[in-house]
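A short write-up of the structure that comes next.
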Amino acid sequence: MAFKIKSTLQAVESYLLASGYFGSNVAVGEPKQPVAGAELSAAIFMGSTTVAETTLTKIIEQHMVTIRIYRDMIAEPTESIEFELGEVSSDIQSDLIGDYDLGETIRNIDIAGIYGAGMGATWGYVDLGGKMYRIVDISLPLIVDDSATMAA
């Protein structure tokens, strides 16, 4: 079975670029080096794809996407970094849960995890090319209609 994840990742990327939080500092895939001059940056990558449900005519999937938000942890006092990341991650989750339409074949967000893990956020740290970042990983479980194809 082949899942078509490109349109899912591009839909999330388009949303983040339009959000105004990151400027043009949004990438599909994890960065390998620090982002120059960025206050905040984001990366989008796949966590998993599973078949959530099938009918006689279509496959309904769950695409677990991770949105990772990065903030240079040395640039500001720790308190302001935590506040900023908290506000941005909360706003993004609220927008996605609310009326925001990601389009493509994305039906909705599996907020409570009916088909697996639900939406959530995990905080941590990551080193990119010798520069430390404070991060928030938003787990975004998307219910997607009919992107998978079955082949013999």
Side-chain angles (χ1 to χ4, degrees), residues 3-53 60-148:
F3 293 98
K4 298 177 185 172
I5 62 171
K6 183 177 181 179
S7 63
T8 299
L9 292 172
Q10 287 174 329
V12 176
E13 178 185 31
S14 293
Y15 161 72
L16 291 175
L17 286 167
S19 74
Y21 289 114
F22 309 105
S24 62
N25 295 312
V26 176
V28 175
E30 295 184 76
K32 305 211 182 339
Q33 58 190 5
V35 179
E39 290 286 316
L40 286 172
S41 57
I44 307 144
F45 46 93
M46 290 299 293
S48 65
T49 54
T50 58
V51 173
E53 207 175 308
I60 300 164
E61 308 143 39
Q62 184 194 63
H63 293 184
M64 182 60 82
V65 174
T66 298
I67 299 170
R68 178 168 286 170
I69 303 170
Y70 299 83
R71 179 73 165 87
D72 180 352
M73 69 172 275
I74 306 299
E76 303 276 336
T78 304
E79 181 179 89
S80 63
I81 294 169
E82 294 298 305
F83 291 152
E84 181 180 26
L85 286 174
E87 181 180 330
V88 170
S89 65
S90 179
D91 287 352
I92 287 171
Q93 290 177 80
S94 294
D95 287 349
L96 289 167
I97 290 169
D99 293 330
Y100 197 85
D101 179 13
L102 288 171
E104 298 300 326
T105 58
I106 298 169
R107 180 194 301 179
N108 65 317
I109 298 170
D110 189 9
I111 301 164
I114 293 170
Y115 295 110
M119 187 176 196
T122 305
W123 296 65
Y125 299 90
V126 69
D127 181 321
L128 290 176
K131 188 171 185 178
M132 286 299 293
Y133 287 85
R134 183 72 164 132
I135 62 165
V136 179
D137 283 347
I138 299 172
S139 300
L140 183 62
L142 300 170
I143 303 304
V144 179
D145 286 327
D146 248 2
S147 93

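If you're wondering where the values come from, they're calculated on a predicted model, not measured in any experiment.
Residues Leu9 and Met46 meet the side-chain proximity criterion, which asks for heavy atoms closer than 4.5 Å. Taking the side chain as every heavy atom from C-beta outward, Val12 and Val28 never approach each other to under 4.5 Å. Taking the side chain as every heavy atom from C-beta outward, Arg107 and Val144 never approach each other to under 4.5 Å. Here the side chains of Pro141 and Ile109 are in contact, with some heavy-atom distance below 4.5 Å. When side chains are defined from C-beta on, Tyr21 does not count as touching Ile69, because their heavy atoms never get closer than 4.5 Å. A heavy-atom distance below 4.5 Å is found between the side chains of Pro34 and Tyr133. Ile143 has its side chain out of reach of Ile114: every pair of non-hydrogen atoms, C-beta onward, lies at least 4.5 Å apart. Counting heavy atoms from C-beta on, the side chains of Leu96 and Ile67 come closer than 4.5 Å.
Atoms CE and CD1, from Met119 and Ile111 in turn, are 7.0 Å apart once rounded to the nearest 0.5 Å. The CD atom of Glu79 sits 13.0 Å away from atom CD of Glu84, with the distance rounded to the nearest 0.5 Å. Distance CD/Glu30 to OH/Tyr70: 5.0 Å, rounded to 0.5 Å. The line from CD1 of Ile138 to CH2 of Trp123 is 9.0 Å long, rounded to the nearest 0.5 Å. From Thr49, atom OG1 reaches atom CD of Gln62 across 9.5 Å, with rounding to the nearest 0.5 Å. Remark: Glu61 CD to Asp145 CG distance equals 8.0 Å, nearest 0.5 Å.
The nearest pair of heavy atoms linking Ala11 to Ile106 is CB-CD1, 3.9 Å. The nearest pair of heavy atoms linking Ile81 to Met73 is CD1-O, 3.3 Å. Closest of all the heavy-atom pairs between Ala43 and Gly29 is CB-O, 3.4 Å. Closest approach of Asp137 to Arg68, counting heavy atoms only: OD1-NE, 2.5 Å. Heavy atoms only, all atoms of each residue included: Glu13 and Val26 are closest at CG-CG1, 4.0 Å.
A donor-acceptor distance shorter than 3.5 angstrom exists from the side chain of Ser19 to the backbone of Leu16, with no hydrogens or angles considered. A donor-acceptor pair under 3.5 Å links the side-chain atoms of Gln93 to the main chain of Ser89, judged by distance alone.
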Chi angles and distances behind the side chain to side chain contact (heavy atoms under 4.5 Å, CB included) call for Gln33, Leu128: CA-CA 5 Å; Gln33 58 190 5; Leu128 290 176; 5.9 Å; no
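Relative to the six-membered ring of Tyr125, Arg134 meets both conditions, a distance below 6.0 Å and an angle of at most 45° to the axis.
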